[in-house]
Amino acid sequence: MSWSEIQPLLSQGFLDTLYMVGWSTLIAVLIGLPLGVLLVLTDRGGLLGNAPVNKVVGAIVNIGRSLPFIILLIALIPFTRFLVGSFIGPTAAIVPLAIGAIPFFARLVESAVREVDKGLVEAVQAMGGGTPTVVFKALLPQALPSLVAGLTTTVIVLIGYSAMAGTVGGGGLGSVAVQYGYQRFETSVMIATVVALIVIVTAVQLVGDAVVRGVAAHRGGAAGGAAGASGRLARLGRGRTVAVTAAVVVPLALIGYGLGTGGDDKQTLKVAASPTPHAEILEYVEKNLAKKEGLKLDIRKFNDYVVPNTATESGEVDANFFQHKPYLDDFNEKKNTHIEPVVNVELEPLALYSKKAGDLKDLTAGKTVAVPNDSTNEGRALHLLADNGVIELKSGAGAEATLGDVTDDKGLNFKELEAASVPRALDDVDAAVINGNYAVDTGLNPSKDALAAEKVKGNPYANFLAVKDGNQDDPRIKKLAKLLNSDEVKHFIENKYKGGIAPAFGPVGS
Amino acid sequence: MRPGAAATARHLGELQHATERTAPSCALSARPAWAYGSPHTPTNNGNTVITTQDLTKVYRTRDREVTALDGVNLHVREGEVFGVVGQSGAGKSSLIRCVNLLERPTSGTVTVDGQDLTALAGKGNDKRAGRELRAARGRIGMVFQHFNLLSSRTVLGNVELPLEILGHSGQERTRKARELLDLVGLADKANTHPAQLSGGQKQRVGIARALAGDPKVLLSDEATSALDPETTRSVLQLLRDLNKQLGLTVLLITHEMEVVKAVCDSAALMKNGRFTESGTVPGLLATPGSELARELFPVGGVPSAPGRTVVDVTFHGETTTEPVISKLSRTYNVDISILGAAMDTVAGKQVGRMRIELPGSFEDNVVPIGFLREQGLTVDVAAVAGSPGLPVPDDGGRRGPEDVRVEEGAK
């Protein structure tokens, strides 16, 4: 990708990251700070020594800290929707980010406040100060440098967490890196994003350190003594300036940005899609075909396969385009949703590739074959191998066949890998079953390089446009369905994906 | 022997020389004046400002109990400097923290300036101090061994802190804080931070801060223990000056006898959570067998030969100016050997201590020893020829003053 293509991705990602991280930090501080102080005060021997409260708060904090962020992100969906009315987009991502950061920051606050000399607490008490006086006049001011250092760490952790916000369409630099760099092998985008992230994290750390030095400068210790009074004052001034500027400018910028992202057009059709190829196909439609039909598209990209469906079900988006029939049927049944396919668009045929074997016959006993590890793709891969006589499957093995269903493996070893990682493993195994889009992204040509490939015709794994049941007749949906099955789109897919993704138009079979 | 406590023969010679010239001016009295309550200290007629009654403090951990205070009865009179001495672990720290209820006593009462603080403390496990207790604490100043100044504030800001708690307005705070800094001699350091001060200066800030609430009582928790000897002297001098100028009552705890010697009007010795001795310093010095007196003022020297009686004699008050030893020698025609002697200033008074040796057994010396007692000296028979374990004879009325208690086990 050229710089002119990367640049808008980066600046949008940067704004999204700033927006999400800024707000979630603010919330994490507002809630985490009192929690951390409460943990110290209610501890045994603390000012408010209250074992039950301490245990409960401590347990909540520990639970919050032990949940992997991605789980938290999904688990919090109902809460997020209740709070901000939607669970997708950058604003909604703030909720799980903040909730993930609160316990983290609370623990940092706790350890910072614990460091404060107990003698100071005693001195304030001896003066007749109550608990609030102790907290606001002694504990917090004394712990300020450690608190700022903890805040810096929290911001950096949040920048890391925000990479996962792509799951709920939050965007941000991290998800740009994952979408383009990891899933589409756009190394240049990945490098650019990673560099941008490094720059941001470094800048945050530098500012944080400067503020810590600013507030700690006059407090003595190693640095304080040597510098002259004027130097100290100057540094103090600079630290304060940085802190005040940051405290004023960042929230203002965030608020401005938050307002900017608002606005909802009834005419616009919101479509959730996987970044590749679905969103690209939609973008092609939007740029070249939609205007003529008077259709406006708002394309939301998701790395995740659960959220687009729940978002469609709840009406956050009008349609989605990322899945195939076996997946949707399973989803509808398990989640009790009512998503219905509208029209097939494309197929990402699975194919077996090898750098070592020239023919299927070369896959003899002892050789290793990599397959995707998710239920759908693994089932597809095993069926592909069985159809070509490489292995034998139990009769009646369904779409989600697993290695346990293999009745004769012909002495082959299998390695199960995440679908996007399989092409990277091609050099390390004798053969691999790879999704068409990933194969093309790594430079493989499905029509030339594959030892065996799925058939396009009648393939149940064709990806389609889907809506919540009842919306099939929305005129906007009808327009989009027509455009997605147009000749222009057919040419676009054939030219762009070169066989890795094949047009598979037409109604969805049952 | 403690440094500075030793006196040479030359000192004693001067003492006797000086006393001989003024000798006739002082009439002998049956009991020394200080025995009725010292006229030299402001404790005379003083009301008791700090009282603890049967104060106990027991720390309970999961598997054991530690008794830090075991029935302490403390009486600090208005305007005096009272020192509690003891080794670490004796319970001094618990005691001073119980006085302003930083530690909740297990039982017993604490009264400060007529107010029963134990009655103000909350009930049960609620460790929070109520409004009244906090107000009472505001009227009790406290200084700490490690100063406990806020590094986040300037010197001025530190002194302003208690004024903020008391609810003074901004201008009023600054004015008063500057006044206090002036009082402790740190007016020029108002805008520096504690980190830039020496230990002695930090403690002066601590003292200024403790005075912010115009307290009647100042509690000093090992205030000079982290300071070098010279700084210790200047900080103690400041405490003494404040005591004199402001009529401030000071309760201090320390493990250093020098501190008691330098500033205390009264003292108590603490061991295993109890006072084993307490009283005015002159009273203690006048008490035979007082461990505090011995610690405050040790004299050494071993008998030159068997068959002799060793007597420790303490001079204080007017007696320091009496030529008693030469009188004794002349009157009874005995040869007196001086085994050891020391002169020092205790609580601003000259005090002398001497260990002398008389020929013959205790029985042979009953009359000379009686003579020394009649002169108003404190006489302690340290060793008696032939019967080393012989108790000091009780001659009634010759004991120390009423306000001195030497409890069992103190010797």
- prompt: What pair of heavy atoms forms the shortest contact from A:Lys137 to B:Leu150, and how long is it?
  reply: O-CD1, 3.5 Å
- prompt: So with a 6.0 Å cut-off around CD of B:Glu179, is the heavy-atom count from everything else above 12?
  reply: yes
- prompt: Under 6.0 Å from the CZ atom of A:Phe82, do we count more than 12 heavy atoms belonging to anything else shown?
  reply: no
query: Measuring heavy-atom distances to chain A, does B:Arg131 have an atom under 4.5 Å in its side chain, in its backbone, in both, or in neither?
result: neither
message: Is it true that, when you exclude B:Glu172 itself, more than 12 heavy atoms of the residues, nucleotides or ligands shown sit nearer than 6.0 Å to its CD?
response: yes
- request: Measure the spacing between NZ of A:Lys118 and CG of B:Asn148 and express it to the nearest 0.5 Å.
  value: 12.5 Å
query: Looking at B:Ile140, B:Leu149, B:Leu219, B:Leu101, which has the largest count of heavy-atom pairs under 4.5 Å with chain A?
result: B:Leu149
field: Among B:His146, B:Met142, B:Arg209, residue most engaged with chain A (heavy-atom pairs, under 4.5 Å)
entry: B:Arg209
- request: Rounded to the nearest 0.5 Å, what's the gap from CG on B:Leu102 to CD on A:Gln125? Could you check?
  value: 6.0 Å
message: Does any backbone or side-chain atom of A:Val124 lie under 4.5 Å from a heavy atom of chain B? Answer side chain, backbone, both or neither.
response: both
message: So for B:Glu164, is it side chain, backbone, both, or neither that comes closer than 4.5 Å to the heavy atoms of chain A?
response: side chain
field: Within 6.0 Å of CZ in A:Phe69, more than 12 heavy atoms from elsewhere
entry: yes
- prompt: Do you know the tightest heavy-atom contact between B:Phe144 and A:Ala126?
  reply: CZ-CB, 4.1 Å
